[in-house]
**Q** 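Would you mind keeping the following structure in view while I ask a few things?
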Amino acid sequence: MDVKIEQSWKDVLSGEFEKEYFQKLTDFVRDEYKSGKTIYPKPQNIFNAFNLCPLSDVKVVIIGQDPYHEPGQAHGLCFSVENGIDLPPSLVNIYKEIESDIGHKSKTNGDLSYWARQGVLLLNSTLTVRAHQAASHSGKGWETFTDAVIRAVSENRKNVVYLLWGSFAQKKADVVNAQQNLILKSAHPSPLSAYRGFFGNHHFSKTNEYLIAHGETPIDW
């Protein structure tokens, strides 16, 4: 199957694209877009996280659940929204923790493309969703695919920092080589849980300390 995705990812994931589950997933997603329902993100942005962050550049992996499902928000990067869109509550809390941890404010808009271009893979577990229906495309095969993505990173890149916020993201740790990478876990930045351990986790400074210790350029958060 000719999947339009950045070449280094295409090379390492080519086996997934030929598997039956991915064929069924592709048929399902194509039918959803053709059905007249509103599906997020736009088709050209489904693999945005990969296109902005080639495999050889990956230094940090942040895992979300599924795309935002309200107008103008989702553009293929977890926790990120397009410029000009109001910041979602989780991203507001992420920015609060960055300011508390690093000592300076992050950007005021919600487009995290500049993180991706520095080597932060902003990966949702599910890459598409129906408008106004959270988790509406879960259980269709995306989770299997994104497990394969994380496995590919773990097998091909060392000294990567995995930021796993909330129990859903933490399940993905099972396919990461914990001896060759840094796995940081905390509560999710959602207002429902941020005060139970996301605030004060110091994940952004810890990430940069680890990267510097292993000869990598730190992330400009």
**Q** Examine F79 together with W115 and report whether their ring centres are nearer than 6.0 Å.
**A**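 No, too far apart.
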
**Q** Sequence neighbours left out, what passes ring pair (Phe, Tyr, Trp, His ring centres under 6.0 Å) with F28? Give chain and number order.
**A**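 H137.
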
**Q** Between Q118 and Y114 (side chain of the first, backbone of the second, donor and acceptor by atom type, cut-off under 3.5 Å), is there such a pair?
**A** yes

**Q** To the nearest 0.5 Å, what is the distance between NE2 (H203) and CG (L164)?
**A** 8.5 Å

**Q** Measure from the side-chain N and O atoms of N201 to the backbone N and O of S186, and report whether any donor-acceptor pair falls under 3.5 Å.
**A**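 A pair under 3.5 Å: no.
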
**Q** If you round to the nearest 0.5 Å, how far is CH2 of W221 from CD1 of I102?
**A**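 Reported value, rounded in 0.5 Å steps: 8.0 Å.
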
**Q** How long is the span from the CD1 atom in I63 to the CD1 atom in I150, to the nearest 0.5 Å?
**A**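 Rounded to the nearest 0.5 Å, the CD1-CD1 separation comes out at 3.5 Å.
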
**Q** Given 3.5 Å as the limit, does a donor-acceptor pair link the side chain of S80 with the main chain of L77, or not?
**A** no

**Q** Output all residues satisfying ring pair (Phe, Tyr, Trp, His ring centres under 6.0 Å) with Y21, sequence neighbours left out; order by chain, then residue number.
**A** none

**Q** With D27, which residues qualify under side chain to side chain donor-acceptor pair (under 3.5 Å), at least two apart?
**A**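 So D27 forms a side chain to side chain donor-acceptor pair (under 3.5 Å) with R30.
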
**Q** For the CD1 atom of I212 and the CD1 atom of I219, what is their distance to the nearest 0.5 Å?
**A** 10.0 Å

**Q** Go through the structure and list residues passing salt bridge (charged side-chain N to carboxylate O under 4.0 Å, His left out) with K37, not counting sequence neighbours.
**A** E32

**Q** Does any N or O in the side chain of Q170 come within less than 3.5 Å of the main-chain N or O of W165, such that one atom is a donor and the other an acceptor?
**A**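 Looks like no, no N/O pair under 3.5 Å.
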
**Q** Among residues at least two apart in sequence or on other chains, which ones pass ring pair (Phe, Tyr, Trp, His ring centres under 6.0 Å) with Y68?
**A** none

**Q** Going by the angle between their ring planes, with limits at 30° and 60°, are F22 and F145 parallel, tilted or perpendicular?
**A**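 Taking F145 first and then F22, their aromatic rings sit tilted (interplane angle of 30° to 60°).
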
**Q** Around atom CG of N159, are there more than 12 heavy atoms from other residues, nucleotides or ligands closer than 6.0 Å?
**A**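 More than 12 heavy atoms, drawn from other residues, nucleotides or ligands, come within 6.0 Å of this atom.
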
**Q** Among Ile, Leu, Val, Met, Phe, Trp and Tyr joined by side-chain contacts under 4.5 Å, find the other residues sharing a cluster with V129 and list them by chain and number.
**A**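 Under the 4.5 Å side-chain rule, V129 groups with Y40.
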
